[in-house]
Structure formats: structure tokens, C-alpha cells
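So you know, we letter chains A, B, ... as the sequences are listed, proteins then strands, and number each from 1. The shown structure was predicted, so the numbers you read here are calculated from the model rather than taken from an experiment.
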Amino acid sequence: MSVIIIDEAHERTLHTDILFGLIKDIARFRPDLKVLVASATLDTERFSCFFDDAPVFRIPGRRFPVDIYYTKAPEADYLEACVVSVLQIHVTQPAGDVLVFLTGQEEIEACCELLQERCRRLGSKISELLVLPIYANLPSDMQAKIFNPTPPGARKVVVATNIAETSLTIDGIIYVIDPGFCKQKSYNARTGMESLIVTPCSRASANQRAGRAGRVAAGKCFRLYTAWAFKHEMEETTVPEIQRTNLGNVVLLLKSLGINDLIHFDFMDPPPHETLVLALEQLYALGALNHLGELTKLGRRMAELPVDPMLSKMILASEHYKCSEEILTIAAMLSVNNSIFYRPKDKVVHADNARMNFVVPGGDHIVLLNVYTQWVESGYSTQWCFENFIQFRSMKRARDVRDQLEGLMDRIEVELCSCNGESVPIRKAVTAGYFYNTARLSKGGYKTVKHQQTVYVHPNSSLFEEQPRWMIYHELVFTTKEFMRQVIEIESGWLLEVAPHYYKNKELEDSSSKKMPRKQGKAREELG
DNA sequence: CTCTCCCT
């Protein structure tokens, strides 16, 4: 007999949901296989029902009770409400550390500053309050501070993102302050744009947060919203990731496992139809699927790499342009989420100057390559990172990703070779993977070629002031505006060179007519 | 002229 355990199933990550579908299928014709699904939430019925009415076992947790307090009326300014609540706890409540949940770096910094300023003003009237931020992109030495034991007579306040909800636990937390918001990714399959939006968190998430107060002793959770809002306005559970993300690599993976009919794949919660259609269209455009929606030889090679299809295609194309060494580095650097450059608030000018020193012509990909190359020349130095306002942790991760990808080159038969940093072949290889993400400068600024959508170069980009006519973007994100992040300059002729099946000469020259790429009707056929 | 959850 064999057993498969799926733990933390309640988190409903992309991979959990894919596993659900695959394992359910396998378990039906493998009676020797036991499947154990472990979830920390109470919605067991959904899991049980999905797995053909599997029996449910309830295992009581070993936690201390947590008293929940709600506000009588909604808070107009939850940041201010957090600050006031922390100070009230500090002055009126017995010993025990405080954990505050906020949505992101900016909010956390603001909250910490406010707390410190008010403590300064109160001076010796109150006992010491240690204010510590924690979020994923905070440098690791500063992250480590939250784990130092609180000195006697003092109290610690940890101001955190969702990182403290599941990923790490802090000893000594007795009080939790929960404003009830989090930042969530969502994906628009019509435009292919991701956005990160502050939304009310789910009841499951709120309960998880409250639980953080009861790990060492009985605790208290102060919810900065009304009991009514908890009951009537918040969703029961968080929308599963599979319904809020681009599915390019998932579709490629499933196709490579021989699952052709994705529309009828047994998803516990199916993704939006349009998301699947767009993923299929893009894979067809990349040449990973044929007109019947079947995996091509190229698609099979692309599926060997654990990265998004466009990135995979870029790596495969790099062999033709004799720059696979450079492209592997760029792929690795793009995989670590915009966390290469460190920009602390109190040293913005220094950090920006340091960043400028890395700028080379061509665009952000070439700049990333330059950063990595210099780091290698420094002997992978931590000190070098520190001096250049580069996040060591991110570079280390890029190195790991690069090593892993390099190890797979043999299997997909891509020869390692270098163009000695020459820009054109590198940018052509990028174009071969990302031709779908082309933007062009017109009178009203940049517009995407695919949807004629107005987009902007991100102010952090090395091409922010350059305004090249044609650009390729790595990703499109909506924050305060529609931003292209990580862009390179290209020549329109390259589009015909790398994707003649996708672009017609006319489309690239005639600026008055609608510049739509060829119809991608074939990929739709599979969908009926 | 921004500034963005989590870890795969």
C-alpha cells in the first residue's frame, strides 16, 4: 500500500489544486493508494465531496483560547486605528507581545513610524515598546530581529504582512490586531494583466490570524471591523489561486502529462474559461501546441523547464542566437520578483545612484545581466551586494535558479554558449519568447500591439526616459496605472524574424489600421 | 515619476 498526504490543503495554492485533480484521477484506478488530505479549516465537506465522499477525521488542535473583540462601528482609517489599539494594549494589558497584520511594505513602514513617533512623545510615561517590521522583501538581517526575545519590562510589536499568517511563527505573541485586509493577486484573462489589490480578507484568514494569539497562552484578538461585517461582508474562504492567475505553465504541464481535454479536467474549482483559452492561444502562438491543441516537439522541450512558457521559449531560442549563457542568467534574474534592488527610505538617493551605475543600453534585461555578471566577478560577495544596494538573498536565489536551469539544458538539448554580452542576439532571443508582449510608441504614448491598450513604462525602468519606438515587456501589472515592468528595446523587423507565423509585415508598418496579429482561431477549436 | 501577498 502507498499513501499520499496533501498537507495545508486549505491554502488552496495553485499546486494543491492541480494535485487534487491528478490524484483523484489516479486514485480511482489504484485501490492500493490511500490519499490523506489535511486541512486547517472547517470546510471539510467540500474536500470530502470532491474525493468521492471520503471519510472525515477531526483532530482537535492543541491551542489556547483566544478572545475575539470587534469594533462597534467600522473604522474610517485602519492604520490610525492600529496605532491607537497597539498603544492601548501597551498601557492597559498585561505582558505579552503584539502582532499587527497589514497589507504591504508601505503600510508597515508608515505604521512603524507612527508608533515610534508617539512613543517618543510619551517618553518615560510608558514602558519600552519595540517596534519591528516584517515582510518578505525586508533584508534578512532585519527580518531576524523579530525573533529576539523581548527584554523584561518591555513589549514587542511585530507589524507584518500575511507572511506571519502562515509562513512563520513568532513566540510570545498574546495580542493580535487584525484590520481585516490583505493584498491579493487577480488576473484579467481578457487583457492578460495581473493586478495586486487590497481586499477584505476571508473569514478563514481572519481565524488563522486570530489563532496566532493563542500559541503560547490564552490570547486576545482585536478585529478592527464589526461583528456584522465578519458575518455578512467577508467571504467564507479565499478564492483559490487557480482562479486568480495566469495558467500558461499549468496548461503546458498538464498537456505534457497527456491530459488533452483541459476543459473537462476535474478541477475542484475550475479556473475561468477565458483564462484557459488565453493560455491555449499563447501556447499555440509560441509553437508549443499545434492547431489541434496537441503538444509539439518544441512544446515537449518547453515543458521540461519549470518556468513560464514564454521564458521557456526564450531559453530554447537562445541556442539559435548563440547566447544561452546570457539568457539563462536573465531568466534567473527575471524569476526573482523585482527584489534585486534594495531601496531603503532613508537612503533613496544613494540607492538610486548605485542602481544607475548598472545601467547599460538596450533595456532592463541587459541591466539585470550586468548586475549578475558583476556579482559573479565579485566572487558572489555579500559585501559587494551591500555596497551596491543589491539584495543578497535575491541574488542567491537567482544563482540557485540559474544552476537548476543550467542542469536541465542537456535534457532539452540546448548547447551552452556565450555571445560575450553582445546585446542584439540577447534581445532577439528575448523577443522570440515574448513577441506576444510587444508595445509600440504612438502619439498617445505606448499601446500594446495585441489589444491596443494604453500602457506605461515603469518609472524604475532603465528605459523610462528613452522612449524607444518598439518595446517588449516582461510583464504587465496594474498598480496605480497600467505598467510594463522589465522592458527592452527592439526593432520591429525582429518580430518578423522570430515569429513570422504570428506577425505580418503589414501589421508592423501600417499605423493607421488596427494592428491585430493573425487570428488565433485554431487554438480555440479544442474548446468547441 | 512608482513604491506590490505569499514561495514555486
Side-chain angles (χ1 to χ4, degrees), chain A residues 8 10-19 101-110 133-138 140 143 159-168 179-187 193-202 205 208-209 238-242 244-250 252-253 305-308 311-312 331-332 334-348 351-352 355 364 389 391 393-394 396-398 400-401 404-405 445 455-467 475-487:
Chain A
E8 311 282 358
H10 61 278
E11 287 186 13
R12 299 296 303 275
T13 64
L14 187 56
H15 291 285
T16 299
D17 276 28
I18 304 300
L19 268 176
F101 283 101
L102 290 173
T103 66
Q105 178 178 348
E106 202 178 310
E107 249 178 42
I108 289 173
E109 282 172 353
I134 178 92
Y135 45 89
N137 271 350
L138 190 73
S140 10
Q143 283 195 353
V159 188
T161 60
N162 264 355
I163 195 170
E165 194 178 301
T166 48
S167 307
L168 57 88
F181 290 96
C182 65
K183 221 167 251 183
Q184 263 201 352
K185 188 165 83 176
S186 64
Y187 179 68
M193 187 149 61
E194 282 187 344
S195 42
L196 214 52
I197 295 168
V198 175
T199 39
C201 65
S202 65
S205 176
Q208 180 78 22
R209 289 176 175 190
T238 310
V239 175
E241 191 183 5
I242 199 166
R244 308 183 270 116
T245 195
N246 177 326
L247 293 177
N249 49 355
V250 168
L252 186 60
L253 173 74
L305 302 177
V307 296
D308 280 337
L311 207 61
S312 205
L334 289 170
S335 306
V336 300
N337 280 328
N338 313 299
S339 52
I340 299 290
F341 298 100
Y342 177 51
R343 199 168 182 264
K345 251 187 163 177
D346 52 336
K347 286 176 195 144
V348 165
D352 287 350
R355 186 180 187 139
D364 300 319
F389 289 84
Q391 295 233 48
R393 194 165 28 130
S394 304
K396 201 166 150 319
R397 164 128 184 85
D400 289 344
V401 172
Q404 192 192 341
L405 290 175
V455 290
Y456 303 88
V457 180
H458 196 278
N460 273 351
S461 168
S462 63
L463 294 181
F464 184 62
E465 284 167 346
E466 298 280 317
Q467 304 250 315
E475 59 182 356
L476 207 54
V477 287
F478 180 85
T479 51
T480 52
K481 262 195 212 168
E482 289 85 353
F483 284 115
M484 296 179 281
R485 260 198 327 216
Q486 316 289 22
V487 291

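- Residues Leu196(A) and Asp308(A) both approach DNA chain B. Their nearest nucleotides, taken by heavy-atom distance, put Leu196(A) toward the 5′ side.
- Toward the 5' end of DNA chain B, the nearer of the two residues Arg244(A) and Arg397(A), judged by each one's closest nucleotide, is Arg244(A).
- Proximity note for His15(A) (side chain, C-beta onward) versus dT8(B), dC3(B), dC5(B): the nearest is dT8(B).
- Side chain of Gln105(A), nearest nucleotide from dC5(B), dC1(B), dT2(B): dC5(B).
- In this model, the phosphate group of dC3(B) is approached by a side-chain N or O of Thr480(A) to a distance below 4.0 Å at OP1 or OP2.
- Relative to the side chain of Glu106(A), the nucleotides dC1(B), dC6(B), dC3(B) differ in distance, and dC3(B) lies closest.
- Residue-level contact check: Ser335(A) touches the bases, meaning some heavy atom is under 4.0 Å from a base atom.
- Between the CZ atom of Phe101(A) and the P atom of dC6(B) there is a distance of 12 Å, rounded to whole Å.
- Residue Ile242(A) contributes atom CD1, which lies 17 Å from atom P of dT8(B) at whole-angstrom precision.
- When the side-chain nitrogen and oxygen atoms of Thr161(A) are compared with OP1 and OP2 of dC6(B), one or more of them lie within a distance under 4.0 Å.
- Side-chain contact annotation: Ser205(A) with Thr238(A), donor-acceptor N/O pair under 3.5 Å absent.
- As judged by a 4.0 angstrom heavy-atom cut-off over every strand, Glu11(A) is placed among residues making no nucleic acid contact.
- Contact annotation for Gln184(A): no contact, since no heavy-atom pair falls under 4.0 Å across all strands.
- The nearest whole Å value for the distance from the CD atom in Glu109(A) to the C1' atom in dT2(B) is 14 Å.
- Rounding to whole angstrom units, CG of residue Leu311(A) and P of dT8(B) are separated by 19 Å.
- Nearest to the side-chain atoms of Lys185(A) among the listed nucleotides dC1(B), dT2(B), dC5(B) stands dC5(B).
- Among the atoms of the strands shown, none is found under 4.0 Å from any heavy atom of Asn162(A).
- Regarding Leu138(A), its CG atom lies at a distance of 11 Å from the P atom of dC5(B), rounded to whole Å.
- Heavy atoms of Tyr456(A) sit nowhere under 4.0 angstrom from any nucleic acid atom.
- Side chains of Thr103(A) and Glu107(A): a donor on one and an acceptor on the other come within 3.5 Å.
- In this structure, the nucleotide among dC3(B), dC7(B), dC1(B) sitting nearest to the side chain of Thr479(A) is dC3(B).
- Out of dC5(B), dC6(B), dC3(B), the shortest distance to the side chain of Arg343(A) is found at dC3(B).
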